[in-house]
Trainee: 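Below you will find the structure I want to go over with you.
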Amino acid sequence: RDPLGAPSAALAADAVAAAASGAPEVRARDLRPRVADGDPVELLERAVDAHRLDRRTLAVLLVELDGLDRLLAVQHDGEVTEAVERAEQAVETLLRPGDGVRRDPDGRLWIALAGTGPAGARALALRVAAAVEGAADHRGTPLTASVGVAVFPVDAPDAHALADHAEDALFTAQATGSRGGPPPGGL
């Protein structure tokens with residue numbers, strides 16, 4: 001199964017049924033998760049519970065814009081806020097229906113990737129870092145992101161341990177400058 005594949009048959013069937021009922025057309029991009037404030041651990045707990053039942057892997061990406069607190073401290077005209085919004089929108093375009101994303105109080109994004117294993121998670125982490133850099137800059141300097149990756153049940157047995165592992169991986173990515181870690185298999 002392609003971890004970055006198309007929407008599930010159930011979502012496609014729902015879209016067809018909605019179109020037949022005269023409801024407004026639903027496009028695949030409208031089904032993608034949107035960044036919202038909320039408790040990331042709650043998101044991870046729900047996702048782990050669902051994936052524990054069907055024994056699928058679940059990847060978590062923890063995305064932090066590098067130096068964001070420094071930029072926000074000197075912000076005068078809202079341009080950093082606009083750049084952050086563009087970066088978040090770029091991340092949203094990489095997500096699929098069934099994934100989840102929450103912004104924690106520190107402005108970091110927690111992404112739960114349904115049915116994604118280690119290789120797919122690392123590949124998406126690199127795409128997320130590149131998307132942020134391509135989408136947003138501050139006074140001509142691209143924003144960059146570091147991404148921590150953790151996979152259930154490979155890296156951790158529950159939501160709290162998964163969150164801890166993702167944070168450790170984020171700190172490693174920041175310390176080494178690797179963004180989301182090396183791509184799997186030399187990709």
Trainee: For residues D158 and R52, determine if any side-chain heavy atom of one lies less than 4.5 Å from a side-chain heavy atom of the other.
Mentor: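 Answer yes - side chains close enough.
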Trainee: Is there side-chain contact between V91 and V35, with heavy atoms separated by less than 4.5 Å?
Mentor: no
Trainee: To the nearest 0.5 Å, what is the distance between CG (L113) and CG (D99)?
Mentor: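 Between L113 CG and D99 CG, I get 5.0 Å after rounding to 0.5 Å.
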Trainee: Tell me whether D49 is salt-bridged to R46, with the criterion being a basic N under 4.0 Å from an acidic carboxylate O.
Mentor: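 Salt bridge: no.
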Trainee: Is any side-chain heavy atom of T116 closer than 4.5 Å to a side-chain heavy atom of R96?
Mentor: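 In short, these two side chains touch, coming nearer than 4.5 Å.
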Trainee: Mind checking side chain to side chain donor-acceptor pair (under 3.5 Å) for E45 and listing every partner two or more places apart, or none if nothing turns up?
Mentor: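 So E45 forms a side chain to side chain donor-acceptor pair (under 3.5 Å) with H160.
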Trainee: I need the L44 CG to W110 CH2 distance, nearest 0.5 Å.
Mentor: 6.5 Å
Trainee: What pair of heavy atoms forms the shortest contact from R102 to D39, and how long is it?
Mentor: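 For R102 versus D39, the nearest heavy atoms are CG-O, 4.3 Å.
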Trainee: For the residue pair V149 and A125, what are the closest heavy atoms and their distance?
Mentor: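 Residues V149 and A125, closest heavy atoms: CG2-CB, 3.7 Å.
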Trainee: Among R34, R103, R86, find the residue that satisfies the salt bridge (charged side-chain N to carboxylate O under 4.0 Å, His left out) test when tested with E92.
Mentor: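 The salt bridge (charged side-chain N to carboxylate O under 4.0 Å, His left out) with E92 is passed solely by R34 among R34, R103, R86.
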Trainee: Grab the two heavy atoms, one from A47 and one from A112, that are nearest each other, plus how far apart they are.
Mentor: CB-CB, 4.2 Å
Trainee: Within a strict 4.5 Å, meaning less than it, do heavy atoms of the L143 and D66 side chains meet?
Mentor: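 Of all side-chain heavy-atom pairs linking D66 with L143, none is under 4.5 Å.
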Trainee: Report yes if the side chains of V63 and I111 come closer than 4.5 Å at any heavy-atom pair, otherwise no.
Mentor: yes
Trainee: With side chain to side chain contact (heavy atoms under 4.5 Å, CB included) as the criterion, how do V101 and L95 come out once you've worked through the C-alpha distance, each side chain's angles and the decisive distance to 0.1 Å?
Mentor: CA-CA 9 Å; V101 60; L95 303 180; 4.0 Å; yes
Trainee: Would you name the heavy atoms of S146 and L170 that are closest together and state the gap between them?
Mentor: O-CD1, 3.3 Å
Trainee: So, the side chain of H51 versus the backbone of F152: is there a donor-acceptor pair under 3.5 Å, distance only?
Mentor: no
Trainee: Can you check whether T144 reaches V132 side chain to side chain, under 4.5 Å on heavy atoms?
Mentor: no
Trainee: Can you give me the closest heavy-atom contact between R127 and L94, atom names plus distance?
Mentor: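 Looking at all heavy atoms of both residues, the closest pair is NH2-CD2, 3.5 Å.
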Trainee: Strictly distance-based, threshold 3.5 Å: is any side-chain N or O of D106 a donor or acceptor partner for the main-chain N or O of R108?
Mentor: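 Judged by distance alone, no pair lies under 3.5 Å.
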Trainee: Out of curiosity, D104 CG to L43 CG, how far, rounded to the nearest 0.5 Å?
Mentor: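 Between D104 CG and L43 CG, I get 11.5 Å after rounding to 0.5 Å.
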Trainee: Which pair of non-hydrogen atoms, one from A121 and one from L61, has the smallest distance, and what is that distance?
Mentor: O-CD2, 3.7 Å
Trainee: Using side-chain heavy atoms (C-beta onward) and a distance below 4.5 Å, is V48 in contact with L162?
Mentor: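 Contact flag for V48/L162 side chains = yes.
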Trainee: Determine, using the 4.5 Å side-chain heavy-atom cutoff (strictly less than), whether V128 and V84 are members of one ILVMFWY cluster.
Mentor: yes
